[in-house]
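Keep in mind the model is a prediction, meaning the values are calculated, not measured.
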Amino acid sequence: MNRDDWLALAQAELQEPVVGVLTAPPPTRAGAAGSTQPSSTEAARIAALHEYGLLDTPADDELSAVVRAAAVVAGVPHATLNLIDENRQCQLTTVGFEGADSARSDSMCALHFQDGDVVHVPDASKDPRYITNPWVDGRLARVRFYASAPLVTPTGYALGSLCVFDTAPGRLSGQQLAVLEDLAGVLVALFERRRQARREAEQHQQAVEARQLAVLAMAESEARWELSEVVAETIDTGLVAVDADGQVSSLNRAMRQWQHSSGTGQPTFLAADGATALSAHELPWSRALREGSVQDAEVVLSTPGRSPRTLICSGRAMSRADGTALGAVVALNDVTAERDRERALARAHAETARARAAIEQAHAALEEHTRRVQALADASRALAAAHEPQELVCAVLRDLADADAAYLLRPRTFEGVDGLQAVATCGLDVEDVFYPSTASSLAGTCFASTTQVFVADVRTHPLASQRHVDASGVVSGVWQPVVLSGKQTVGVLGVFWRTPLPELPDHLLPVLQTLSGEVAHAVERADLLQRLAQAAERDALTGLANRRRWDEAIAGEVARAARSGAPLSVALLDLDHFKAYNDTHGHLGGDDLLREFAVVAAGCLREVDTLARWGGEEFVLALPGCTAEAAVAVADRIRAAVPHGQSCTVGIAQWQPGLRAEDVVARADEALYRGKQGGRDATVVHRAPSPDPT
């Protein structure tokens with residue numbers, strides 16, 4: 001290169017050289033928690049920590065957001081980003097408490113942050129590693145649940161941990177622990193981005209200083225142009241000089257090395273996309289010669305057998321003092337590493353965005369699930385406390401399913417036909433919802449199979465009731481069987497939508513199962529109450545009213561007769577020779593006779609009459625509105641219907657004003673005694689003594 005070429009070269013704009021970054025070798029992971037690392041490895045770890053420039057500086061919003069996300073994912077009130085220095089634990093940003101520096105010896109994270117594994121401690125007060133730790137025993141806090149994920153750099157150094165904790169014992173799922181570890185990775189990516197930004201600022205300053213040095217060198221070049229060859233051959237910036245015709249006149253050492261191919265073929269310059277080949281007209285030095293200058297043009301050098309190299313090109317055209325064109329000089333900076341880091345950072349940003357979106361989605365799903373569970377719990381409590389839960393369960397089911405209508409069907413006999421009848425409806429403007437067992441229906445299919453039935457379009461289903469569909473306007477429906485614990489089906493819950501529902505939502509299945517279970521419990525409770533009521537008022541053997549129910553009934557009848565003046569008769573019935581029948585046929589035979597007599601006797605009575613078992617083979621009968629003479633006809637009908645060829649004796653007494661209930665029964669008992677004395681199988685009326693004429 002001659003002196004004129006050097007002067008032209010010195011006038012070209014030089015770009016900064018690539019600044020290499022020396023990194024220590026990856027550290028050897030420590031063994032058990034608390035073991036001491038070699039001093040050189042620990043020193044390298046501390047150096048890596050300080051290189052990020054995080055200590056004693058406020059955390060930015062992105063770091064704080066990740067720590068808050070960790071607390072949400074873990075479902076705990078406390079979280080912190082801990083960095084472990086030589087002698088201290090620095091809490092860079094916290095959630096739920098005021099963070100501060102503390103001694104490294106007091107740190108819970110310092111025991112295991114270099115192990116590289118996520119730590120999960122359900123109750124630190126029961127873990128021998130932490131019992132005496134000041135964060136556990138009350139000196140600094142009373143931590144119980146604790147989990148942390150290590151912050152490990154790409155070169156393998158552990159800087160600290162992302163920690164979540166609570167003052168109550170707890171436990172995280174495998175998915176929550178995995179997300180916690182992912183968030184720790186996001187934090188390290190943010191650390192890398194901060195360090196890269198600082199490095200780029202330093203490199204920019206170095207570039208400015210390099211350009212200033214180039215200006216000084218250019219001032220000295222008049223006297224020492226001989227040094228140009230040495231400078232061009234030693235710098236790490238590529239230099240390309242072309243003559244006035246655009247032909248390459250010189251390449252420096254860096255440029256020659258970059259273009260040296262380890263395989264067959266020639267180097268190719270590509271556009272910034274790394275795929276489009278540049279023509280000779282589009283090369284940076286051709287542009288500089290043609291346009292006068294080129295600034296920060298990005299090209300990709302593809303050399304066979306080597307990785308592509310991204311270059312930033314700047315330069316200008318040169319001319320002699322008389323204005324004659326000399327050529328052009330272009331400087332090329334290798335920014336491959338920077339572009340790789342930018343792409344890695346972009347990927348980290350994308351991962352962060354995806355993680356944030358996943359967290360937000362999980363949080364929204366958790367809130368919705370919590371809302372549904374709470375609503376279902378509230379509904380279960382309300383149903384358990386409701387006196388008449390049938391209407392309430394339909395309203396609750398419609399709301400929880402976001403449906404338009406619902407009903408509850410129970411087995412009933414309607415106009416002499418057995419089937420399923422709606423005992424409660426909500427939002428369904430249809431009267432007399434009844435599905436006879438003699439015809440196929442969707443509700444009947446669900447009831448018989450004890451299996452849930454879902455139909456996306458009931459309008460076209462052959463088993464759907466078109467009358468109900470047309471009247472209610474429903475389109476989609478689901479039928480859920482109501483099954484007792486003994487596998488007995490006692491009803492069907494129906495839920496309906498007036499807009500098409502292609503498939504049953506997943507969250508609706510537990511709602512239907514839970515509410516059908518609540519209805520089953522309500523049915524069991526109602527049946528139990530009915531049985532208890534019957535047991536309290538009915539004779540266990542015959543099913544007739546017992547003495548307790550008789551006492552209530554006769555007291556009411558006497559009071560009614562006293563108010564209205566209507567007649568009231570009482571009869572005592574006793575099966576004749578029952579002991580002999582019992583001895584002959586056994587006690588079971590005697591019980592059968594009593595039950596059959598109760599059935600035939602009740603069949604001879606009106607609905608307003610009250611027949612009760614008085615004791616043993618004796619029965620008592622209240623006949624409101626009947627005189628003693630009318631009561632005789634009723635008693636004779638009963639006597640004629642006694643089964644198995646047996647007979648009975650009846651004593652009758654008519655209530656008189658001023659008599660108590662027990663007085664009337666006593667008079668009937670006197671008449672019964674006279675009938676027994678007179679030979680049995682008779683009806684005897686008690687005759688009140690004639691009033692004293694005096």
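A 4.5 Å side-chain heavy-atom check between V475 and D457 finds at least one atom pair inside the cut-off. Side-chain contact check for V600 versus E596: every heavy-atom pair is 4.5 Å or farther apart. Counting heavy atoms from C-beta outward, T451 and T445 have side chains that stay 4.5 Å or more apart. Side-chain contact check for L463 versus V458: every heavy-atom pair is 4.5 Å or farther apart. Side-chain contact between V455 and W479: present, with at least one pair of heavy atoms (C-beta onward) separated by less than 4.5 Å. Side-chain contact between R171 and H120: present, with at least one pair of heavy atoms (C-beta onward) separated by less than 4.5 Å.
Between W614 and W550, the ring planes lie perpendicular to each other; the angle is over 60°, past the 30° to 60° tilted range.
Between the side chains of T450 and T489, no donor N or O sits under 3.5 Å from an acceptor N or O. A donor-acceptor pair shorter than 3.5 Å cannot be found between the side chains of H78 and D166.
For an aromatic pair to be called close, the ring centres must be under 6.0 Å apart, and F619 with F597 satisfies this.
Checking side-chain atoms of Q176 against main-chain N and O of V73 turns up a donor-acceptor pair under 3.5 Å. Using a distance-only test at 3.5 Å, with no hydrogens or angles considered, no donor-acceptor pair links the side chain of R613 to the main chain of A545.
Separating the CZ atom in R354 from the CD atom in E351 is a distance of 4.0 Å, to the nearest 0.5 Å.
Looking at D592 and R595, a side-chain N of the basic residue comes within less than 4.0 Å of a carboxylate O on the acidic one, giving a salt bridge.
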Side chain to side chain contact (heavy atoms under 4.5 Å, CB included) between T94 and V67: does it pass, once the steps are laid out? CA-CA 7 Å; T94 62; V67 176; over 6 Å; no

Step-by-step ring-ring contact (aromatic ring centres under 6.0 Å, His included) determination, H468 to Y435: CA-CA 11 Å; H468 294 165; Y435 301 98; 5.4 Å; yes

